[in-house]
Amino acid sequence: MYSQAPGPIGIFDSGYGGLTILEKIREVLPEYDYIYLGDNARAPYGSRSFDVVYQFTRQAVVRLFEEGCHLVILACNTASAKALRSIQQCDLSTLDPHRRVLGVIRPTVEVIDRLTRTKHVGVVGTAGTIASHSYTIEINKFFPHIHVTGEACPMWVPLVENNEFHSPGADYFVEKHLRHLMEQDPLIDTLILGCTHYPLLLEKIRRFLPERVRIFSQGQRIAESLKEYLERHPEMEQKITRGGSCTFHTTEYAKKFTEAAGLFLSQSVKADKITIE
Ligand code: DGL
């Protein structure tokens, strides 16, 4: 049984990408406490099977519940695509039916009809996210008239994680996938960055896309959607502590996380290493 005392909001990502979401959430909701958990030792998740992503994500959620979180955000598209539904539908009832786990795909999808004029939308993401067709399924649930084309960009996360995102090598892979996407559907006027790492490639993505294509980066939207959620659910809001703090956990070396996190955040952070299993 987990502690019933109020606790922080848990933010989970396979690695560093979720920091782009965390930063926006803390801008919009600075009053709450947060725990960020990056499963860096087992990242990337993008090329892993459904079962493995589900097991790893479930372990992370359990860990965040154990640390007192009543609400956990999967700030990772791959985990949201491959694990969220199973955790919500199969695990929460036994873990604790009063706790909640939310993802990043649904809030992104909800606003997409307002952004596209041509009703042709592109999504870039990890191989896992694109193969799951989660964006297409979710968009068409709300907006069946929207045509969705996905493009898996398996090299983009490693480029970011290895701090190569300003390099000419990154130009090659960004241009290659965007060209392929636009060849598949030249009517695309809105591109969803369906991976939390991709905001770091924004400058290059902008350069290799036709100017008329609008780029939708999730961070701000996820933060606003969380704010709306807490307004709609005061019973959950009361279970969140308000101290404005953030604790960082990584499953890799703490020093490595601390150094790399500087690429994603405007402030420096101190992380501690934990084991999840
Ligand atoms: N941050 C993950 C996402 O949003 C991608 C990183 C990974 O492959 O682990 O999909």
Side-chain angles (χ1 to χ4, degrees), residues 10-25 36-61 72-85 87 101-109 122-138 150-165 170 173-174 177 191-202 205 215-223 225-226 248-252 256-257 260-261 263-265 276:
I11 309 277
F12 170 70
D13 184 51
S14 58
Y16 302 112
L19 294 171
T20 61
I21 305 281
L22 172 75
E23 185 148 74
K24 295 288 179 197
I25 289 179
Y36 183 89
L37 169 52
D39 191 9
N40 301 81
R42 302 189 293 193
Y45 280 13
S47 50
R48 292 191 185 274
S49 67
F50 177 94
D51 281 348
V52 170
V53 173
Y54 166 52
Q55 287 308 332
F56 287 180
T57 306
R58 188 183 184 284
Q59 290 164 0
V61 166
V72 172
I73 312 294
L74 302 185
C76 173
N77 287 268
T78 310
S80 297
K82 291 182 147 182
L84 179 64
R85 187 173 295 249
I87 289 173
V101 181
L102 306 175
V104 288
I105 295 179
R106 179 77 174 262
T108 306
V109 159
V123 184
V124 281
T126 64
T129 298
I130 298 304
S132 74
H133 298 291
S134 294
Y135 271 98
T136 310
I137 294 166
E138 286 293 321
E151 174 76 10
C153 309
M155 289 302 289
W156 289 14
V157 168
L159 285 165
V160 172
E161 292 264 327
N162 291 292
N163 198 7
E164 287 288 339
F165 55 97
F173 285 107
V174 171
H177 288 296
L191 177 71
I192 298 173
L193 303 188
C195 173
T196 51
H197 282 66
Y198 296 176
L200 275 87
L201 289 163
L202 194 56
I205 294 170
I215 301 171
F216 185 71
S217 188
Q218 298 172 306
Q220 189 65 29
R221 171 62 196 146
I222 303 306
S225 147
L226 177 58
F248 293 88
H249 290 328
T250 174
T251 54
E252 250 290 353
K256 195 173 167 198
F257 184 94
L263 299 173
F264 293 79
L265 293 173
I276 52 174

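In this chain, residues are counted from 1 in sequence order. Numbering of ligands and ligand atoms starts at 1, following listing order.
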Let's go through L74 and V104 carefully: what are the C-alpha distance in whole Å and the side-chain angles of both, what is the deciding distance for side-chain contact (heavy atoms from CB on, under 4.5 Å) to 0.1 Å, and is it a yes or a no?
CA-CA 7 Å; L74 302 185; V104 288; over 6 Å; no
Which part of D13 is near ligand 1, with near meaning a heavy atom under 4.0 Å away: side chain, backbone, both or neither?
side chain
Minimal non-hydrogen separation, S14 against A43, with atom names:
O-CB, 3.2 Å
Is the shortest side-chain heavy-atom distance between Q218 and L193 below 4.5 Å?
no
If you have a sec, work out which protein heavy atom is nearest atom 2 (C) of ligand 1 and how many Å separate them, to one decimal?
C76 SG, 3.4 Å
Could you list which atoms of ligand 1 come closer than 4.0 Å to a heavy atom of T126?
5 (C), 8 (O), 10 (O)
Heavy-atom nearest neighbour in the protein, as seen from atom 10 (O) of ligand 1, with distance rounded to 0.1 Å
T78 OG1, 2.6 Å
Heavy atom under 4.0 Å from ligand 1: found in T196's side chain, backbone, both, or neither?
both
Supply the atom-to-atom distance H177 NE2 to I205 CD1, rounded to the nearest 0.5 angstrom.
11.0 Å
Yes or no: does G15 have any heavy atom under 4.0 Å from an atom of ligand 1?
no
The reported gap from OH in Y36 to CD1 in I21 (rounded to nearest 0.5 angstrom) is 9.0 Å
Tell me which one of V157, T250, N40, V160 satisfies side chain to side chain contact (heavy atoms under 4.5 Å, CB included) with Y16.
N40
Determine the interplanar angle of the Y45 and F12 rings, folded into 0 to 90°, and report it as parallel if under 30°, tilted if 30 to 60°, perpendicular if over 60°.
tilted
One finds that the ligand 1 atoms under 4.0 Å from a non-hydrogen atom of P44 are 7 (C), 8 (O), 9 (O)
Would C195 count as being in polar contact with ligand 1, using the rule that some N or O on each side must be under 3.5 angstrom apart?
no
Taking only heavy atoms of H197, which atoms of ligand 1 are found under 4.0 Å from at least one of them?
1 (N), 5 (C), 6 (C)
Can you list the steps and then say if K24 with I222 is a side-chain contact (heavy atoms from CB on, under 4.5 Å)?
CA-CA 8 Å; K24 295 288 179 197; I222 303 306; over 6 Å; no
Can you tell me which residue and heavy atom of the protein come closest to atom 3 (C) of ligand 1, and the distance to 0.1 Å?
N77 N, 3.3 Å
To check your reading of the model: name the closest protein heavy atom to atom 8 (O) of ligand 1, its residue, and the distance in Å.
G46 N, 2.8 Å
Under 4.0 Å, heavy atoms only, figure out whether ligand 1 is touched by the backbone of S14, its side chain, both or neither.
side chain
The atoms of ligand 1 lying under 4.0 Å from a heavy atom of Y45, numbered in the order shown, are 7 (C), 8 (O), 9 (O)
Does a donor on one side chain sit under 3.5 Å from an acceptor on the other, for Q59 and D39?
no
